[in-house]
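Written out below as structure tokens is the structure these notes cover.
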Amino acid sequence: MLKKKIIFLLGPTGIGKSAVAIKLAKKINAEIISCDSMQVYRRMDILTSQVTRRQKRQIKHHLVGAINPGQEYNVARYRRTAIVICDKLFAAGKIPLFVGGSGLYYSVIVDGLFAAVPQDKIIRAQLEKQLKLKGNTYLYRRLAKVDRAAAAKIHPHDCRRIIRALEVYLKTGKCISKLQKERVGLGSHYQVKVFGLTSPRQSLYTAIDRRVEKMFTAGVINEVKRLLKTKLSLTAKYAIGIPEVKGYLEGKYDLSECKRLMQRNSRHYAKRQLTWFRKDTRIKWIKVRENEKAVQIAERIIKNFRKSLIS
RNA sequence: GCCGAGAUAGCUCAGUGGUAGAGCGCGGCCCUGAAAAGGCCGGCGUGGGGGGUCCGAUUCCCUCUCUCGGCA
């Protein structure tokens, strides 16, 4: 029996994935599963450029605006729910079309996640405390003693990863560096097709700047004001735009500086996304042309990859 | 036209008689339970043009061009 097919449409922020995805989904009988760590959150429509209600009516979107911004969300949760949705779609005879720009979320679906070692609040809190009191070098040395391989891979300044590695070790007595080798993803069970949208850096940046500009006329400031009144999850509160607007609201700088920061940080983010995707040889790149419409791009994808999409 | 200040990295500017730095921007990279997060690396640039002094000038002198401010 033929392996079931899942399709990914990846690319940097602001390149126009969402619109292309809708056109593509219509043509190949697919439903869209978001592959975006921030679009899962509700009440962040403007901030994360979520698809509109109208667009959602055209094609079913999963994991967009699905949970409250106060709830913690992470790769593991994403993987679990996304796989369930995937199976439902298969049962309904539909193709899952993953769309987004979160490289790790993509990788966690296709390449897998290592054996379940969830976060541990108590251990975390202890490690965070040690970090504050004794500094990163102390934690790094501690890690080097128990898991040399992990320490060799992690930079001494990268506290986030040092803490996670230690957390895994303290909880299980096993090295994260060993566990990481045991990941199994969907890539082996399913037929995975990956497409990536690209465009020249300069036009991407112009598009990003423009998108941020539009956020302001659409009312990001108010959206963020509303969000800041509630408790935000660790992930959600670092969505590009929230810290920047917060600084503005606190009077640290004016509106134009706030906008400038959001544009710059979005550009930096796009750059990091490109770095992540670049090395992935599974991705078939689609060069988006200047002023090319979403339908045209979708049609081009179908025309050039008919076999892998339909068969 | 005269007087003054300046012309150094994409931008803003610092500094030095022995061929230059910073911030921002930008580029490259890492990434397995916060990932729109977090971390690492990257600066040879006709020192505005020409001439002079000097062993040696980006640094001193002259001159030209341009920019800014003031006076007419």
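Letters A, B, ... are given to chains in the order of the sequence lines, protein chains preceding strands, and every chain is numbered from 1.
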Report the distance from atom CD1 of A:I240 to atom P of B:G38, rounded to the nearest whole Å. 10 Å
Nucleotide forming a Watson-Crick or wobble pair with B:G42, both distances under 3.5 Å: B:C26
Measure from NZ on A:K237 to P on B:A35 and round the result to the nearest Å. 13 Å
Just to be sure I understand the rule, does A:T13 reach a base, reach only the sugar-phosphate, or reach nothing, if contact means heavy atoms closer than 4.0 Å? nothing
Quick note, A:R267 side chain, CB onward, closest among B:G25, B:G38, B:C31 is B:G25
In whole Å, what is the span from the NE2 atom of A:H268 to the C1' atom of B:C29? 15 Å
What about the rings of A:F8 and A:F277, do their centers lie closer together than 6.0 Å? no
Establish, from distance only, whether the side-chain atoms of A:D36 and A:S34 form a donor-acceptor pair under 3.5 Å. no
Do A:D209 and A:R267 come close enough that some side-chain heavy atom pair is under 4.5 Å? yes
Are there over 12 heavy-atom neighbours, none belonging to A:K171, within less than 6.0 Å of that residue's NZ? yes
I need the CG-C1' distance between A:L139 and B:G39, as an integer number of Å. 15 Å
For A:R161 and B:A35, give me the distance from atom CZ to atom P, rounded to whole Å. 11 Å
Should the pair A:K259 and A:F216 be classed as cation-pi, given the thresholds of under 6.0 Å to the six-membered ring centre and 45° from the axis? yes
Report which part of the nucleic acid A:V117 touches: base, sugar-phosphate, or nothing (heavy-atom distance under 4.0 Å, all strands). base
How many Å lie between CZ on A:R201 and C1' on B:G25, as a whole number? 14 Å
Could you work out the separation of B:G1 and B:A57 based on their P atoms and round it to a whole Å? 34 Å
Would you mind classifying the nucleic acid contact of A:D36 as base, sugar-phosphate or nothing, using non-hydrogen atoms under 4.0 angstrom? base
Going by purine N1 to pyrimidine N3 plus the second Watson-Crick contact, or the G-U wobble pair, all under 3.5 Å, which nucleotide sits opposite B:G6? B:C66
Determine the contact category for A:Y205: base if any of its heavy atoms lies under 4.0 Å from a base atom, sugar-phosphate if only primed atoms, P, OP1 or OP2 are that close, otherwise nothing. sugar-phosphate
The correct set of residues in residues 73-83 of chain A placing a heavy atom under 4.0 Å from RNA chain B is A:Y73, A:N74, A:V75, A:A76, A:R80
Could you tell me if the side chain of A:I286 sits less than 4.5 Å from the side chain of A:R300, heavy atoms only? yes
So what does A:L47 touch, heavy atoms closer than 4.0 Å: a base, only the sugar-phosphate, or nothing? base
As a test of reading the structure: which of B:G39, B:C31, B:C24 is closest to the side chain of A:W276, going by heavy atoms? B:C31
